[in-house]
Amino acid sequence: MAPNMYQTYQVAAVEEPTVNREALLQAVIAGGATFLATLCLTVVGSSAAQSLFVAPAAPVMAPAYYGQAVNGLHVMEAHKKGAGSTKNGRDSNSKRRGVKVYGDQPVKAGGIIVRQVGSTWHPGTNAGMGKDYTVFAKEDGLVKFETQRGRKVISVYPAPEKELTAHQKRRQQIQWPPRKSAALAMATVAGNNVAVDEVEEVEDEVENN
């Protein structure tokens, strides 16, 4: 038997639910009363007096690294870094380095010629160097700044004997008279007539002293 393509369905009518208006109104009034009671208890129990028509503000949490909260307000602090300790404020004593005796100038044995940092100048003839690179003279003489084998060298050479003029010789004789002449001068000043033998005795005493 072939299936029936046209089947009839019976649709039953759905009844509209009845609403109890009185019960709904009582439930709304009860819920509102409960909400108001809870809100009043919250406002009375809080430390900050707030209006019933304004919701309580959420507490402001201050960051852990700066700032602070006072009465719900965030207080900002200075952002500028504080002044630290300075790296200056120190000084060292001067070392008095440099050339002390220049070229063609006389220097005595042991005299300092150059104070330096490092071996800029090396010791040459009749010169030495200390542990702090100080170049000094080993003998009396004249200072010469030279270059030997590509190195800057300081040498000390004996000073040439300088011949005195007649005026200088006369002045030297007056300032440093011979010993025999000095003994005769002493005897003359004393006002005594001294013989030559006695003068020689005085000269020997002067030499011994």
Side-chain angles (χ1 to χ4, degrees), residues 63-68 76-209:
Y65 51 89
Y66 75 94
Q68 57 182 350
M76 299 295 293
E77 295 181 355
H79 293 169
K80 187 173 182 180
K81 181 181 178 181
S85 60
T86 179
K87 296 182 179 179
N88 300 323
R90 300 181 304 279
D91 195 7
S92 60
N93 298 328
S94 59
K95 304 305 177 183
R96 286 91 174 177
R97 295 191 175 98
V99 179
K100 308 303 178 182
V101 181
Y102 293 89
D104 298 332
Q105 289 186 347
V107 64
K108 293 184 178 180
I112 295 174
I113 302 174
V114 172
R115 284 193 180 275
Q116 57 185 346
V117 179
S119 56
T120 302
W121 291 95
H122 296 271
T125 306
N126 297 330
M129 179 181 288
K131 63 180 182 180
D132 59 346
Y133 303 102
T134 299
V135 180
F136 59 92
K138 292 183 177 180
E139 295 183 1
D140 298 348
L142 297 180
V143 177
K144 295 289 183 180
F145 290 84
E146 302 172 333
T147 302
Q148 296 179 1
R149 297 179 182 178
R151 301 171 65 182
K152 294 186 288 186
V153 173
I154 300 176
S155 301
V156 178
Y157 296 103
E161 296 183 0
K162 186 177 180 182
E163 187 177 355
L164 301 178
T165 61
H167 176 71
Q168 292 176 344
K169 291 180 180 180
R170 179 60 181 168
R171 188 172 181 180
Q172 186 176 11
Q173 290 177 358
I174 296 174
Q175 189 173 2
W176 296 289
R179 294 185 179 274
K180 189 172 182 179
S181 300
L184 291 174
M186 292 172 59
T188 304
V189 170
N192 300 326
N193 294 325
V194 183
V196 178
D197 297 337
E198 295 180 357
V199 171
E200 292 178 355
E201 293 178 359
V202 172
E203 183 179 356
D204 295 337
E205 292 180 359
V206 172
E207 291 180 356
N208 294 330
N209 294 331

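As the structure is a prediction and not an experimental result, all values here were calculated from the model.
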**Student:** Hey, is the main chain of Ser94 close enough, under 3.5 Å, to the side chain of Arg97 for a donor-acceptor pair?
**Tutor:** no
**Student:** Please check this pair: side chain of Asn126 against backbone of Lys138, looking for a donor-acceptor N/O pair closer than 3.5 Å.
**Tutor:** no
**Student:** Side chains of Gln105 and Val143: does their closest heavy-atom pair fall under 4.5 Å?
**Tutor:** no
**Student:** Do any N or O atoms from the side chain of Glu139 and from the backbone of Tyr157 form a donor-acceptor pair under 3.5 angstrom?
**Tutor:** no
**Student:** Between Asp140 and Val107, is a side chain to side chain contact (heavy atoms under 4.5 Å, CB included) present by the stated rule, with each step listed?
**Tutor:** CA-CA 6 Å; Asp140 298 348; Val107 64; over 6 Å; no
**Student:** Quick check on side chain to side chain contact (heavy atoms under 4.5 Å, CB included): which of Pro160, Pro158, Ser155 does Leu142 satisfy it with?
**Tutor:** Pro160
**Student:** Which atom pair, heavy atoms only, marks the closest approach of Val156 to Ala137?
**Tutor:** CG2-CB, 3.8 Å
**Student:** Check Lys95 against Arg115 and note the closest heavy-atom contact, atom names and distance.
**Tutor:** O-CD, 4.4 Å
**Student:** Tell me the closest heavy-atom pair linking Ala127 and Val135, and the distance in Å.
**Tutor:** CB-CG1, 4.4 Å
**Student:** Locate the shortest heavy-atom distance separating Gln116 from Met129; write the atom from each residue and the value.
**Tutor:** NE2-CE, 4.0 Å
**Student:** Donor-acceptor pairs under 3.5 Å, side chain of residues 169-177 to any protein atom, not counting sequence neighbours: which ones?
**Tutor:**
none

**Student:** With respect to Phe145, which candidate in Val99, Asp104, Val153 satisfies the side chain to side chain contact (heavy atoms under 4.5 Å, CB included) definition?
**Tutor:** Val99
**Student:** Which atom pair, heavy atoms only, marks the closest approach of Val117 to Thr120?
**Tutor:** O-OG1, 4.1 Å
